[in-house]
Amino acid sequence: MNFIKNIIGNGAEHKNGKAVTEEKLLLEISGMTCDHCATGIEKMLLKNEGVTEAKVSYQSGSCECSFDPSKTSKEEIVNTINETKNYKVKSEIKKEDCCATQKDSSLQNSSHFDLIIIGGGSAAFSAAIKAESLGLSTLMVNGGLDFGGTCVNVGCVPSKNLIRAGETAYHSTHSNFTGIKPKGVDIDFAQVIKDKKKLVATLQEKKYMDVVSDFENLKMVTGWAEFKDNKTIVVDSKTEYTALKFIIATGATTNIPNIEGLNEIGYLTNVSLFDLEEKPESITIMGAGYIGLEIATAYNRLGVKVRIIEFTDRVLRTQTPDISEALEAQMRKEGIEILPNFRAVKFEKKGSETIIHCKCPDGSFKQITEKGKIVVASGTKPNTQKLGLQNIGLQLTKSGHIAVNEKMETNLTNIYAVGDVTNTPAFVYTAAFEGKIAVENAFSGSENKADYSSLPWVVFTDPQVAGAGLDEAQAELQNIPFEVSKIELKDVPRAIAANDTRGFIKLIRNTETDKLIGARIVAPEGGEIIQQLSMAIKYGITVRDLAESFYPYLTLGEGIKLAAITFGKDVSKLSCCAS
């Protein structure tokens, strides 16, 4: 049921035997901040003898008013609202606009909505789900990637599927036990990619399209949306739609560096690479962030020769050096070539090969030949270029992201932004959370905020890298008194028994409160235990609490206990039953 119904029209009713002509008025009101505001306006209007009924909705920012024109007028009603300190009538909503928001067979032909969502990824769908629960008439406009966005189509789902496929192949040729000798593997690369495509299509349908298929208040349109003004968008330069509120959820895409010749060589990104059914002989990955490293992990294990060119001094530059060193050691061991402090300055094609002209760490220049494919994984940039933001004065950050506060509000009161297009952490689960609270804040009078101080995250390399809260460098920048405890996996019984001691568990505590403020894990399947540490940070658990808790013996999680104990003891002096 929509907030705005068939409420405009003229009619007659009989009171005391006399015919009374009644008119109805629908107004758009600004300045309301909660449902209490709406109730106050209703009471104020009903003091007017000519007003027979007043229904004000904070969610839709509208006022439905029935009145006797012989006793009052539209102008008097409007003035009553405008004379208040906080509330103003923005416009009268005409009958044709009002009817366009009704949820009936005409919704698909509507041009006015309570909410317009621009984008079609996880943030957009989360917003649409919440909007449906509130009964909001909603339009979702999506251009570029299919509905479902980056995660299901070209990001999380395909990359993790290929990483697992590569892991299966790797373990069929490598063993941690001298008594077990693997006999090898036959990789049907084309079939692996076909299976990946099938998985993506299935999840895109089941987890996105099927979820909203029976929504009564949602219209979905494929096309590029551009703001004409802060109330109007134009889709594909031809169809206009208006709304009370907007949510921008257009995500991000690969940032293509401006390097001579790059656009002429036919480079790939994760979008095109993951659909390539013919296995390339080799790939050179430009960038050693988490996207580049996950691609390297998967494709190297699927039998592709992998090289990484990174213009900074190490892989995963956003993390502390010990994490980078642990990852580099494993990747080099598996045959991945890593070239830190190499900067590509020019690309050129010579036959079927690509020549990469690089500036080396010592300032000299070197030509690198790539017989296979060039994969660009040099970070992402927000998708804002086609939105017409210059038409509405929406504020951006220095990096080009849409600037939002903790409530997902932009500098324009009726426009919110969520997900990777904003200056918030770029994860599918944070995007979904932001989509939900944006709708709640916009239409329900909520004051929900996004608090990412304990946010858990994982990089799906092998070993995995997982974290929550602050690392030691961040704690130092914030002038927090801290102490670090780091236990190598060679001292964790689970890792010893598995003959796989790659990595470590690192805890950071506030020395004044003993509360855990951060954690970093480098370990096989390390991502599976980071949630516990995230919850510990969120709820102020102390290191002593962690040390005195019970952990099943021979689990990786027991390493948390050992790391907590190690704040005050030498781990080499602890037995397997340390407490």
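What you see is a predicted model, and the numbers here were worked out from it, not measured in a lab.
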Check the pair Glu310 / Arg317 against salt bridge (Lys or Arg N to Asp or Glu O under 4.0 Å), numbers first and verdict last.
CA-CA 10 Å; Glu310 168 59 30; Arg317 186 67 175 80; over 6 Å; no
Got a salt bridge between Lys349 and Glu264, using NZ or NE/NH1/NH2 to carboxylate O under 4.0 Å?
no
What do you reckon, is CZ of Arg314 surrounded by more than 12 foreign heavy atoms closer than 6.0 Å?
yes
When you look at NZ of Lys279, are more than 12 heavy atoms from neighbouring residues, nucleotides or ligands closer to it than 6.0 Å?
yes
Is atom NZ of Lys197 surrounded by more than 12 heavy atoms (other residues, nucleotides or ligands) closer than 6.0 Å?
yes
side-chain contact (heavy atoms from CB on, under 4.5 Å) for Ile291 and Thr380? Distances and angles first, verdict last.
CA-CA 10 Å; Ile291 296 175; Thr380 63; 4.2 Å; yes
Report the C-alpha separation of Thr424 and Val404 in whole Å, then their side-chain angles, then the decisive distance to 0.1 Å, and conclude whether the side-chain contact (heavy atoms from CB on, under 4.5 Å) test is met.
CA-CA 8 Å; Thr424 61; Val404 295; 3.9 Å; yes
Count the heavy atoms of every other residue, nucleotide or ligand shown that sit under 6.0 Å from CD of Glu525, and state whether that count exceeds 12.
yes
Counting only heavy atoms not in Phe177, do more than 12 sit closer than 6.0 Å to its CZ atom?
yes
Validation row, ring centre Phe147 to ring centre Tyr208 under 6.0 Å:
no
Just how far is it from atom CD1 of Ile248 to atom CD1 of Ile117, taken to the nearest 0.5 Å?
12.0 Å
So, the side chain of Asn411 versus the backbone of Gln395: is there a donor-acceptor pair under 3.5 Å, distance only?
yes
Starting from the C-alpha separation in whole Å, work towards a yes-or-no answer on side chain to side chain donor-acceptor pair (under 3.5 Å) for Glu334 and His174.
CA-CA 10 Å; Glu334 293 189 26; His174 296 77; over 6 Å; no
side-chain hydrogen bond (donor to acceptor under 3.5 Å, both in side chains) with Arg494: which residues, sequence neighbours excluded?
none
Parallel, tilted or perpendicular: rings of Tyr299 and Phe274 (30°, 60°):
parallel
Can you check side-chain contact (heavy atoms from CB on, under 4.5 Å) on Leu262 and Tyr267, steps first, answer last?
CA-CA 7 Å; Leu262 179 58; Tyr267 64 83; 3.9 Å; yes
My understanding is that only residues two or more places apart in sequence, or in another chain, count here; which of them pass side-chain hydrogen bond (donor to acceptor under 3.5 Å, both in side chains) with Ser453?
Asp451
Quick one: is the NZ or CZ of Arg509 closer than 6.0 Å to the six-membered ring centre of Phe482, and within 45° of its axis?
no
Assess whether atom NZ of Lys486 is packed by more than 12 heavy atoms of other residues, nucleotides or ligands within 6.0 Å.
yes
Under a plain distance cut-off of 3.5 Å, with no hydrogens placed, do Thr369 and Glu353 share a side-chain donor-acceptor pair?
no
Could you walk me through whether Glu294 and Arg301 satisfy the salt bridge (Lys or Arg N to Asp or Glu O under 4.0 Å) test, starting with their C-alpha distance in whole Å, then the side-chain angles of each, then the deciding distance to 0.1 Å, before giving a yes or no?
CA-CA 11 Å; Glu294 289 186 356; Arg301 291 180 165 186; over 6 Å; no
Flag if over 12 foreign heavy atoms under 6.0 Å of NZ, Lys371:
no
Decide side-chain contact (heavy atoms from CB on, under 4.5 Å) for Asp195 and Leu199; before the verdict, give the C-alpha distance in whole Å, the side-chain angles of both, and the deciding distance to 0.1 Å.
CA-CA 6 Å; Asp195 290 344; Leu199 172 68; over 6 Å; no
salt_bridge(Lys305, Glu337) N-O dist < 4.0 Å
no
Is there a donor in the side chain of Thr320 and an acceptor in the side chain of Lys506, or the other way round, less than 3.5 Å apart?
yes
List in chain and number order the residues that pass side-chain hydrogen bond (donor to acceptor under 3.5 Å, both in side chains) with Gln204, two or more places apart in sequence or in another chain; answer none if no residue qualifies.
none
Cation-pi check, Lys561 onto Tyr551 ring (under 6.0 Å, within 45° of axis):
no
Between the main-chain N or O of Ile437 and the side-chain N or O of Asn441, is there a donor-acceptor pair closer than 3.5 Å?
yes
Do the side chains of Arg544 and Asp514 get close enough for a salt bridge, i.e. N-O under 4.0 angstrom?
no
Check whether any side-chain N or O of Ser446 sits under 3.5 Å from a backbone N or O of Asn448 as a donor-acceptor pair, and report yes or no.
no
Tyr539, OH: over 12 other non-hydrogen atoms inside 6.0 angstrom:
no
For the residue pair Glu348 / Thr354, report whether a side-chain donor-acceptor contact shorter than 3.5 Å exists.
no
